Structures are given as C-alpha cells and as structure tokens.
Amino acid sequence: MSEQEQSTVAEPLEVHFPQAVTPDERKGYQGYVVATEALPEVATYARDELGYDYLSSVTGVDYLPEGKTEVVYHAYRTAGGPALVLKVQVPREDPVVPSLVGIYPSADFQEREAWDLLGIRFSGHPNLKRILMWEGFHGHPLRKDYQEVYFEAENKPFKNRWPEGKVYRVEEKAPLKKNVQYPPDFTAEGWVPEGDAALYAGMGQVVAAEGGNGRALNTDQIVVNLGPQHPSTHGVFRLVVTLEGETIVDLEPVMGYLHRNHEKIGERNTFLMNMPYTDRLDYICAMGNNFGYSLAVEKLMGITPPERAEYIRVMMAELTRIVNHLWAIGFLLNDLGAYFTPALYAIEERELVLDVFEAVSGSRMMCNYFRFGGVARDLPEGVLDVVRELVHERLPRKVDELDTYLTHNEIIRARCVGVGVLPPEDAIAYGMAGPVLRASGVPYDVRRADPYSIYDRLDFDVAVRYNGDVYDRYIIRLDEIRQSLRILEQVLRDIPEGEVQTGKPQYQVRVPAGEAYGRVENPKGELGFYVVSNGKPNPWRYHVRAPSFINLTAMGEMCKGQKVADVVAILGSIDIVLGEVDR
Amino acid sequence: MTDGLSNPEVPVPEELRGQVAITTLDKVYNWGRRSSVWPMMFGLACCAIEMICTAASRYDLARFGMEVMRPSPRQSDLMIVSGTVTKKMIPQIVRLYNQMPEPKYVLAMGACASGGGPFKEGYNVVSGVDRFVPVDVYVPGCPPTPQALLHGLMKLQQKIDGQSIRSVRWYRKEASESIPVPILGPDLIDPRDIPHIKAHAPAESPEEAQA
C-alpha cells in the first residue's frame with residue numbers, strides 16, 4: 001500500500017525538521033509543536049511527502065494561565081490511519097499564525113472561525129472576516145477572559161440560585177436587564193451600523209461585454225440574496241450570489257444566524273452536561289453526535305464501554321444514518337421543486353425510527369442517550385423486535401420504493417446529472433466529508449479508515465460513486481442506507497446480553513488532564529470533538545469539527561458557472577443542518 | 001361546525017331551520033379565521049424539524065386548515081418562532097413580523113423562543129423572542145412534540161374565538177405601529193433602549209475597570 005511506502009521513504013517530521021518540530025511532551029498530549037514561521041513548510045512536507053492530504057480540523061485553544069494561544073491542526077491520510085497533530089504556540093496578546101489556506105483550502109472557514117471567536121490572526125488568509133458573529137461585534141468570545149452578560153461563575157454547577165429562599169434570574173443582574181453589553185466609550189445615538197458593506201464589496205460590478213451587433217453592450221451583474229429566511233436554505237442560512245444573467249459568477253455563504261455559543265457554554269458545563277447540548281448540534285442525528293462526544297471523553301478517561309453498549313450504540317448510530325439520509329433525499333426533492341409530497345413519502349418511516357428512539361431514550365429527537373462508558377439505560381422490552389421488523393421489512397421496502405420512483409426519474413436526472421461537480425482532488429483539498437466526499441470517488445469513511453467501536457468487526461462496504469455531481473450525492477445516500485441495513489442485520493443477530501455501562505453511572509466524571517480528538521462518521525460526514533481537560537470537572541476547551549460547516553467551504557466552487565436554480569439543488573445535495581453549521 | 005356557529009336568539013320559522021343559521025358577525029369572522037391560520041414557512045432551529053413533522057402525514061396539520069405554509073410574510077397570519085433566536089437573526093425576525101399583514105399572531109415554539117432555553121446564557125442568544133415581538137402563545141418543550149405544538153395551535157384558536165371585531169387592533173382608526181428593527185452594533189442595539197443605554201453608559205465603565 002502506498003501509505004506504507006510513503007512512511008518508509010519519507011523521513012518523519014522531527015527528523016526532517018530537527019529545529020522547527022518538537023514532539024509535544026505535555027502529559028496527555030500528542031503530536032508535534034511546530035515553530036510558527038516554519039508551519040507552511042512543515043504542512044507542505046506533511047501533505048506532499050508524508051501523505052497527510054486531508055486537513056480535518058483547525059482550532060485554537062486559549063491557555064490563559066500560560067499566556068499562550070495554541071492553534072491545533074488535525075491532518076489525516078485519505079488512505080486511512082491515525083492523525084498527524086500539529087500545534088503552533090503564539091503569545092495570546094497578539095496571536096498571528098501563517099494561514100494554511102494555500103496548502104489546505106479546507107482551513108478557510110475554520111481559520112475565519114478561529115479569528116472570529118479567539119482573535120487569532122492568520123496572516124495571508126485571503127478573506128479573514130468574522131464568520132459566525134457579525135462584522136463589528138465587540139470582542140472575541142471564546143477567549144477565556146471574555147465574560148458574557150449573563151456570566152454567573154467560571155464553572156458549573158453554579159451555586160444555589162435560591163440564596164435566601166428567593167429565586168433570582170440572571171437578567172436581573174445585567175445592567176440593561178437584557179443580554180447585551182457595550183464597550184465603555186460606546187454611544188448608541190448616531191451609530192451607523194456597518195451592515196453588509198464588507199460583504200458586498202467587490203460584488204455586482206458593471207462589466208462591459210462586446211455585443212453581437214457591433215455596439216458595446218453594458219451588462220450588470222446582479223447580486224441576489226438568498227436567505228436567511230428562505231424556504232430552500234434549510235434553515236437560517238444565507239447565500240449571496242453574483243449573477244450574470246442566470247449564471248453564477250460568485251457565491252459567498254453567510255452563516256452564524258443560529259450561532260448559539262455551543263463551545264462557550266460547553267466550556268462552563270461539566271463534561272456530562274454537554275451531552276444534551278450535542279443533541280442540538282445536528283438535530284436530525286442526535287445519537288450520532290452523542291457517539292462522537294462520548295468517544296472523545298472516553299479517550300481521555302481511558303475507558304471502553306461493555307460489549308452490549310457498543311452494539312446498542314452502533315445500532316442507534318446506524319438508525320440515525322438511515323433517518324438522516326431519508327430526510328436528506330426527501331428535502332433534496334423539495335429543493336428540486338417537488339414541494340413536500342416526496343418529502344412526505346421519505347420521512348414516513350422516520351417516525352417509526354423516532355418511536356424507537358423515544359422508547360429507548362424518552363425523547364423523539366434530543367435523545368441524550370449515551371454516557372461515558374456506555375449508554376444511559378438498557379433497551380426496553382420489545383424494542384429489538386420493533387427494530388428487527390423495521391430493518392427486515394419496512395426500511396428495505398422504503399429504500400426500494402424511493403429507488404424505483406426517483407433513480408431513473410427523468411426530471412431528477414435532468415436536474416441532477418452533471419450539476420455541481422466536485423472532482424476528487426478538490427473534494428479532499430476542501431476537506432469535504434461524508435457522502436459528499438464519497439460521491440466524488442474518494443472511498444474515505446471513518447468507520448473503515450480509522451475504526452472505532454465495533455466497526456472493525458462488522459461486514460459492510462464503503463459506498464462510493466465517481467461523478468461527484470448532485471445525482472451521485474443523491475444515489476450514494478441510497479447506497480449508504482442499504483449498507484446501514486446490512487450493519488443493522490449483523491448487530492441484531494449478534495447483540496449480546498450484559499451490562500450497558502462500565503462502572504457506576506455518575507454525574508461527575510473524573511477526566512484526567514490532556515487532550516483528545518474523537519471522531520465518528522456521522523451521516524453528514526466526519527464529526528470530531530476536540531476536548532482539552534485540565535483535570536477539573538469542566539473541559540478547558542471543547543471544540544466541534546462540524547461536517548456541515550466545513551462541507552460548505554466548497555459551495556462556492558461547486559456553484560460557479562451553474563445556473564441560479566442549481567444553487568438550491570447543490571445546497572440540498574450537501575445536506576447541511578444549521579445547528580451544526582453555526583453551533 | 002355549524003352547530004357551534006348557529007346561535008338563534010331570534011325565532012326562526014320551522015320550515016327554514018335547515019337552511020338558515022343566525023349568528024353573530026364575530027362568530028362567522030372568527031370561525032373563518034381560526035380555520036385558515038396560515039403559518040409562515042420559517043424555521044429557525046431544531047423545533048422547525050418538529051414543526052415539519054407536525055405538518056407531515058402522521059400529525060397532519062391540514063386538519064386544522066393550517067397546512068398552507070407560506071414562505072412570504074405578506075401571505076401569512078401566524079409566525080411560529082421555531083427555535084433559538086440569535087442576535088444576528090433578530091433584525092430579520094422583527095422585519096418579517098413588521099411585514100406580516102394584520103391580523104397576525106406569534107407562537108413561540110420551544111424553550112429557546114420562549115425564554116432562551118438551554119442556550120440562554122450565550123453571548124449571541126436573545127433570551128426570548130418576546131423581548132422584541134409580542135407573543136400570543138408559548139409552547140414549552142425542547143423541542144415540543146408535535147402534539148404539544150398542536151395543543152399550542154388549538155390554544156391560539158381559542159384566543160381567536162375570544163376576539164371581537166369591535167375591539168381588535170387592526171380595525172382601529174390609528175395606524176398600527178411597526179416595531180423598530182434592532183441594529184447590530186458592538187452588541188445588539190434595540191432602538192427603543194437607546195435612552196437606557198445612555199443612562200447606563202457611565203455606570204458600566206467602573207465595572208469594566210474592576211474586571
């Protein structure tokens with residue numbers, strides 16, 4: 001395999017760069033610390049010589065006591081295997097790090113996010129603007145010394161909110177009784193908001209084109225705004241499109257309309273308190289999110305769940321995948337203009353799966369079912385029979401039904417084949433994940449490339465399609481549902497009896513200091529949780545590598561040259577969920 | 001339905017009883033409105049998924065005459081605020097509310113829309129949509145089940161039933177006032193709060209110095 005050849009031929013990083021690269025020797029940490037100015041060189045070497053072609057996650061950590069800000073990069077080989085973790089440490093007063101957008105385009109949005117929330121400047125970034133907050137917002141909220149208006153204490157659980165038998169609400173302490181604060185020199189009167197001036201700069205210029213009749217024809221480029229309230233944007237998402245006639249010249253996604261401060265809240269919460277919050281990331285796939293977060297924390301704690309819990313987890317994760325893909329297919333049809341009726345067909349079976357979730361966890365959508373070292377409770381009686389019936393009868397029939405109705409449908413082929421093509425090398429470079437990556441011909445699936453839980457024992461194929469257009473992204477979802485059904489059949493056959501939780505269930509888990517990156521193949525792609533613990537009850541840093549967010553990086557590239565109506569189809573085929581895009 | 005509608009306080013001749021219904025104008029007016037509340041197709045977050053499920057075949061919003069979801073505020077009667085209201089989004093929500101024609105109603109679906117919910121302490125979260133637009137019905141839950149949303153919608157129907165054409169605000173002489181759209185400054189600025197912000201500005205600075 002080429003992976004082995006590469007690792008034998010090319011020297012490891014610390015040998016090749018003896019000056020610039022040193023192994024990270026803090027206890028519980030892994031990877032390499034790279035000298036700031038050498039980062040582009042090291043990254044190029046890692047990509048070209050060592051084969052780490054897929055930059056998965058970029059994030060920052062604010063180490064306030066040490067006075068340092070650290071930028072953490074997780075790179076993988078698309079051939080499979082563990083991560084290469086690179087770190088850059090800069091003083092936190094004025095953190096400047098060279099941008100990696102030129103080497104790994106997938107760093108684009110993630111570096112903007114790190115600038116927005118942590119105030120790390122990436123020199124050489126082509127478009128370093130805020131991405132989740134608005135331009136002009138005061139402060140960088142993920143820095144440890146940033147306190148929100150409703151700040152109560154550094155860490156949860158907070159002290160009693162009923163001090164003298166009288167309940168108090170946090171807004172009563174806020175100066176304006178609202179969730180707002182202003183810098184001391186701020187005067188509201190005469191304030192001119194920046195608005196979207198920066199966003200629109202350079203868009204929609206008048207261009208002169210040569211006319212056919214000898215006279216110069218002046219054409220305007222039009223700037224069209226889709227969203228944030230728009231039926232086809234799958235939530236509060238906004239696209240700013242520059243059009244020439246019907247053709248897209250430029251496209252910029254604008255997000256943050258559902259930025260609900262997941263990471264800041266997560267750093268105040270205890271480890272277990274974050275579990276229900278992960279449900280609300282990608283709210284179609286709550287179980288999958290739980291899975292990723294438990295894996296990350298279990299890595300830190302060094303525990304593994306018992307056998308039965310592993311099977312239950314995989315069962316839930318695969319049911320979630322089926323539900324998500326049914327949803328995605330139904331709403332792709334919605335986006336193609338077949339309003340709501342196909343979606344009704346597609347999500348009919350979803351309700352039955354939600355009944356299973358409700359039976360095991362108590363909630364249809366926000367399951368909060370996983371625990372560190374297991375699951376919250378064992379399966380109730382009869383659930384396995386229901387799942388068996390679903391897996392052997394209802395769901396295969398549904399997939400076949402969708403296949404019959406849609407796959408050779410003339411309109412779908414006309415609207416989807418050859419639209420929004422993303423070649424495999426671009427898909428890797430932009431850090432695409434999940435069905436979008438695999439529809440471009442890259443057979444990269446975390447379940448196979450870096451197996452977790454019991455996936456190394458299960459027999460399934462990594463679905464892959466080769467054209468990278470909207471049609472393939474639709475059809476790969478059908479393939480994946482079929483593979484999930486295959487996995488579920490094996491799980492139902494082999495599920496053992498026994499415990500579902502390692503040790504005693506506890507509210508306050510003891511997590512040793514260190515860092516961990518847990519990742520799962522969520523239905524939308526690789527979902528990663530980067531957790532840093534300093535041994536206290538609350539995580540020091542809690543970062544989510546959200547597949548929907550990073551999959552949008554290539555949105556502009558996919559849409560250029562297409563017609564405006566195709567944008568909606570392309571967006572539908574990426575299958576984003578705004579809770580995860582904005583977090 | 002006609003049983004509830006017909007309220008013959010005046011005598012109706014025997015032979016006309018099947019053909020004539022006598023009632024008040026309020027009742028006919030409210031009966032028509034309560035049976036065709038068109039929600040705006042407008043999803044914010046997780047709750048929107050449950051809203052879609054409510055509209056889908058299992059829970060079937062069409063039974064209430066509410067299945068016609070309109071993407072345009074100009075054609076809708078009800079704004080279901082289904083999810084977390086963020087500071088970045090609230091200007092658009094207020095603008096959409098202003099663009100809806102009367103009679104208009106707002107239903108805050110879920111904990112976030114009602115009061116900030118689990119994300120209340122967040123720096124980008126508005127603690128409840130009622131800080132900006134008037135809310136008629138609150139539906140608790142995170143997210144509320146479709147049944148809970150249906151219950152909320154029935155509560156709204158009850159509210160509509162109780163309204164009278166003589167007193168409703170949209171038939172008053174004075175023009176209805178639109179809500180000033182919040183501004184995104186260094187933080188969210190509610191134009192109605194500017195005097196407060198001015199009054200609090202000096203009080204805030206010593207606190208800042210302390211921190």
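Below, chain A is the first sequence line, B the second, and so on; all start at residue 1. Everything numeric here is computed off the predicted structure, so don't read it as measured data.
- Using modelled atom types, one side-chain atom of B:Asp187 and one backbone atom of A:Gln181 make a donor-acceptor pair closer than 3.5 Å.
- Considering only heavy atoms from C-beta on, A:His259 comes within 4.5 Å of B:Tyr123 through its side chain.
- Here A:Arg364 pairs with B:Glu50 in a salt bridge; the nearest charged N to carboxylate O distance falls below 4.0 Å.
- Judged by distance alone, with hydrogens and angles left aside, the side-chain atoms of A:Asn179 form a donor-acceptor pair with the main-chain N or O of B:Gly122 at under 3.5 Å.
- Here SG of B:Cys46 is found 3.5 Å from CE of A:Met366. Values are rounded to the nearest 0.5 Å.
- At a 4.5 Å heavy-atom cutoff, B:Ala48 makes no contact with chain A through either its backbone or its side chain.
- The contact list for residues 345-353 of chain A toward chain B, using heavy atoms and a distance under 4.5 Å, reads A:Ile347, A:Arg350, A:Glu351 by residue number.
- Proximity to chain A (any heavy atom under 4.5 Å) is restricted, for B:Ile183, to the side chain, taken from C-beta onward.
- Within a 6.0 Å radius of CD in B:Glu102, more than 12 heavy atoms belonging to other residues, nucleotides or ligands are found.
- The stretch residues 82-90 of chain B places B:Thr84, B:Thr86, B:Lys87, B:Lys88, B:Met89 near chain A, each with some heavy atom under 4.5 Å from a heavy atom of that chain.
- Using a 4.5 Å heavy-atom cut-off against chain A, the contacting residues of residues 135-156 of chain B are B:Cys142, B:Pro143, B:Thr145, B:Pro146.
- For residues 57-64 of chain B, a heavy-atom distance under 4.5 Å to chain A picks out B:Ser57, B:Arg58, B:Tyr59, given by residue number.
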